[in-house]
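Have a look at the structure below before the remarks.
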There are 2 protein chains.
Amino acid sequence: MTPTDKSTDESTDGLDVVHQLRAVTVELDLFAAEFAHRNGLHPTDLRALICLLDAARARRPCTPGSLGARLGLNSAGTTSLVDRLERLGHVRRTRDPRDRRRVLLEVDERAVALGEAFFGPLIAQVAEAAAQLAEPELAAVRRFLTGVLEGVTARREDG
Amino acid sequence: MTPTDKSTDESTDGLDVVHQLRAVTVELDLFAAEFAHRNGLHPTDLRALICLLDAARARRPCTPGSLGARLGLNSAGTTSLVDRLERLGHVRRTRDPRDRRRVLLEVDERAVALGEAFFGPLIAQVAEAAAQLAEPELAAVRRFLTGVLEGVTARREDG
DNA sequence: CGATTTCCCTCGCTGAGCGAGATAATATCG
DNA sequence: CGATATTATCTCGCTCAGCGAGGGAAATCG
């Protein structure tokens, strides 16, 4: 509503950015679904692999319980998810020697390769978009995404 | 790899931005799934409503066929999706008088209200993140998101 | 007009995910 | 130490989203 700038009329309240962000997530979602389907996975399976790879990267042990909680599945659903991933050779179950109730999930190289096949094109694409921006602009994008992430996460946690 | 700036070591290739963008989409996905569940919908139903609201906003007529194609469902799945939405009162089926094979989907006020309930908090959240940025920075975010969107869409279309 | 195509629907089925409950290992308390 | 509670995972039976196959009605083509 400030007529002092030369952009469109919805530029100041960020509504258009909301719309864009939503469009991006929809497309990324469909992209993920198609990739998953081509590789004999369900969208949930792919999301699970991403979580597992994240955990592995951060040297964080991952269990069926933590995975299911992250994905919003109950224990029965989580068991069949892990069964599926194990059957496909993406993950192995190991008993935690410290607490033998727990099962530790270890990702196989196969899953790592799949993750790279999924993220490769995406990384190239985003990197290309990022390369169009000067460094201070990229920093702004980073700050923006961080803000959105923290906000949504917080909003999700208190419902 | 240009040591002339003062950011982190992964700032120039945009890898961190990829990571952030992925984290945002994961959180938004979970947010959507939880919202859908609270309102007796499936994630697909919510995505369908978003498509329908988009089409309505753009004054673009929407049919089961176009909706199913957008969501990657086959015709049987699309029928049961529309059945579900109709049963919940979110959408009405009307015959297209021009081409009586076609069914036009009209969204109910109920669906509009639900869409606002879903996007309200999200808009507030993103607007807050956007408000932290000056106008040229916001323009950069816009350009970045547009680039990602176009790239992913293009990549999706040629597989 | 008949043949083909387009759009949507019905039918039967598979399997992801849920609720309930079982099992086994650990923690806690008298 | 044994009894009980808690935690982590799995099993069983079920519901329903989505698929493949196929059918019927309306439009289009020759």
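To find a chain, count down the sequence lines: A is the first, B the second, and so on, and within it residues start at 1.
Among the atoms of the strands shown, only primed sugar atoms or phosphate atoms (P, OP1, OP2) are found under 4.0 Å from some heavy atom of A:G72. Among the atoms of the strands shown, none is found under 4.0 Å from any heavy atom of B:R95.
In the hydrophobic clustering of this structure, B:L53 does not group with A:L30; members are Ile, Leu, Val, Met, Phe, Trp, Tyr whose side-chain heavy atoms approach within less than 4.5 Å, directly or through other members. Hydrophobic clustering, with ILVMFWY side chains joined whenever heavy atoms are under 4.5 angstrom apart, groups B:V91 together with B:L73.
Nearer to the 5' terminus of DNA chain D, by closest-nucleotide assignment, is the contact made by A:T79 (compared with the other of B:L73 and A:T79). Residue order along DNA chain C, read from the 5' end via each residue's closest nucleotide, puts B:S66 first among A:P97 and B:S66.
A straight line from CG of A:L85 to C1' of C:dG17 spans 14 Å, rounded to a whole angstrom. Protein atom CG of A:L81 is 13 Å distant from nucleotide atom C1' of C:dG15, rounded to whole Å. In this structure, the CZ atom of B:R100 is 14 Å from the C1' atom of C:dC8, given to the nearest Å. When rounded to the nearest whole Å, the span between CG of B:N74 and P of C:dC13 equals 17 Å. B:H42 has its NE2 atom 11 Å from the C1' atom of D:dG18, to the nearest Å. Atoms CG (B:D83) and C1' (C:dT10) sit 10 Å apart, rounded to a whole Å. Rounding to whole angstrom units, CG of residue A:D96 and P of C:dA25 are separated by 14 Å. The CG-P distance, from A:D99 to C:dT23, rounds to 20 Å in whole Å.
Between A:T78 and C:dG17, a side-chain N or O to OP1/OP2 separation shorter than 4.0 Å is absent. Within the 4.0 Å cut-off from OP1 or OP2 of C:dG17, at least one side-chain nitrogen or oxygen of A:R84 is found. For D:dC10, one of the phosphate oxygens OP1 or OP2 lies less than 4.0 angstrom from a side-chain nitrogen or oxygen of A:R93.
No hydrogens or angles considered: nothing links the side chains of B:Q20 and A:R142 as a donor-acceptor pair under 3.5 Å. A donor and an acceptor atom, one from each side chain of A:R155 and B:Q125, are located under 3.5 Å apart.
A donor-acceptor contact under 3.5 angstrom links the side-chain atoms of B:S75 to the base of C:dC9. Contact annotation: side chain of B:R101 to base of C:dT6, donor-acceptor pair present below 3.5 Å.
Salt bridge annotation for B:E106-B:R93: absent, with no cationic side-chain nitrogen under 4.0 angstrom from a carboxylate oxygen.
Across C:dG17, D:dG18, D:dC10, the shortest atom-to-atom separation from the side chain of B:T44 is found for D:dG18.
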